[in-house]
2 protein chains.
Amino acid sequence: MPSNSDVLFRMLADPTRRSILDLLAERGPMTVGQLAAEFPDLVASGISKHLMSLRAAGLVSATRRGRQQIYRLEPRALAAGLAPWIAKYEQYWSAALERLRDLAEEDGAKEELTFGKNLRRKRLK
Amino acid sequence: MPSNSDVLFRMLADPTRRSILDLLAERGPMTVGQLAAEFPDLVASGISKHLMSLRAAGLVSATRRGRQQIYRLEPRALAAGLAPWIAKYEQYWSAALERLRDLAEEDGAKEELTFGKNLRRKRLK
DNA sequence: CCGATATATTACCGTCTGGTAATGCATTAC
DNA sequence: GTAATGCATTACCAGACGGTAATATATCGG
């Protein structure tokens, strides 16, 4: 019986699927065709399969419009699945997040760091 | 050419490897035998192989003492590898982390939440 | 030195996985 | 209606992966 975390991490294991999630996060909902266009090396049907498994994992959801299928990120699933794990390693993230904060402050941003609210990421490419 | 993130996420994809990291994080450095004892269903040599790949990925390091090999978590690698990715989804983590904060406050802990510093995890199993 | 212990290494195997190609099925355009 | 489009589904394949078993190597206890 694969646990909740298991499917989540297995989804994130594939770079193509991570890229798909990235695209949906950056650009908002996209059709299969739009997404497939971002992966010239892959066949469209492959992207469709990835989207199906992501949908099965609850990380994305889809709504039809005509013959297009519009996929969107399901952020709550991502956060809900990873947050406990992230919290477990809380003490170790702090160092890395401090460095992010420092980078932000070098840019003149003076906000107090509360992760998820004021954290700015700049010059991190 | 597998990117840095690729190896990291592939390491995290396997539940046994995640458990190993968890154990090292909770209990500190452990020998192969101690770790293997935590996985009754697996053969010790399998654990050794996992540790070798984790070591190759830089997530753990090892020092010999006699015939024992003591493995310890290499938290900087974990944090350095994941922090950029986590930051990318920053806005989505916030909601989940707020809920963690709420749980902590229900327990009477009044600390201000600054991720990585005061965040307490309780009753999260 | 000898046997036992601790880990690493190698060989090998079934299974899972990511990928393509081909086909099917709606839906839109003409 | 017919053709074309957009996506899903199926079948199939090569390679990677997790695991075991067997063997090797080094270290410790006596």
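Residue numbering restarts at 1 for every chain, and letters A, B, ... go by the order of the sequence lines. Both backbone and side-chain heavy atoms feed into the values below; hydrogens, waters and symmetry mates do not.
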- prompt: Quick one: on DNA chain C, does A/A13 or B/A44 contact a more 5' nucleotide (nearest heavy atom)?
  reply: B/A44
Candidate nucleotides C/dG18, C/dA21, D/dG19, ranked by approach to the side chain of A/V43 - the nearest: C/dA21
message: More than 12 heavy atoms of other residues, nucleotides or ligands under 6.0 Å from CZ of B/R65: yes or no?
response: no
statement: In terms of heavy-atom contacts, B/Y92 and A/A79 come closest through O-CB, 3.4 Å
query: A/L42 side chain: which of C/dG19, D/dG19, D/dT20 is closest?
result: C/dG19
query: Starting at CG of A/D14 and ending at P of C/dT17, how long is that distance when rounded to a whole Å?
result: 11 Å
B/S/- contact track for nucleotides 3-12 of chain D, protein heavy atom under 4.0 Å: -BBSSBB---
message: If I take atom CG in residue A/D6 and atom C1' in nucleotide C/dC16, what distance separates them, rounded to the nearest angstrom?
response: 14 Å
- prompt: Could you give the CZ-to-C1' distance, from A/R18 to C/dG18, as a whole number of Å?
  reply: 14 Å
task: Specify the closest pair of heavy atoms between A/R18 and B/D6, including all atoms of both residues, with the distance to one decimal.
output: NH2-OD1, 2.5 Å
- request: Would you kindly give the CD1-to-P distance between B/I47 and C/dA6, to the nearest whole Å?
  value: 16 Å
query: Where is the tightest heavy-atom contact between B/R55 and B/Y71, given as atom of each residue plus distance?
result: CD-CE2, 4.0 Å
- request: Compare every heavy atom of A/R10 with every heavy atom of A/R17, then report the nearest pair and how far apart it is.
  value: NH2-O, 2.9 Å
statement: Here the pair of heavy atoms bringing B/L21 nearest to A/Y89 is C-OH, 3.1 Å
query: Can you name the closest pair of heavy atoms from A/G81 and A/S5 and give their distance?
result: O-OG, 4.4 Å
statement: In whole angstroms, the gap separating P of C/dG18 from CZ of A/R10 amounts to 7 Å
- request: Would you indicate, yes or no, if C/dG19 has its OP1 or OP2 atom less than 4.0 angstrom from a side-chain nitrogen or oxygen of A/H50?
  value: yes
message: Taking 4.0 Å as the cut-off, does a side-chain nitrogen or oxygen of B/R65 come that near to OP1 or OP2 on C/dA6?
response: no
Whole-Å gap separating P (C/dG18) and CD1 (A/I20): 11 Å
task: Would you kindly give the CG-to-C1' distance between A/L54 and C/dT17, to the nearest whole Å?
output: 14 Å
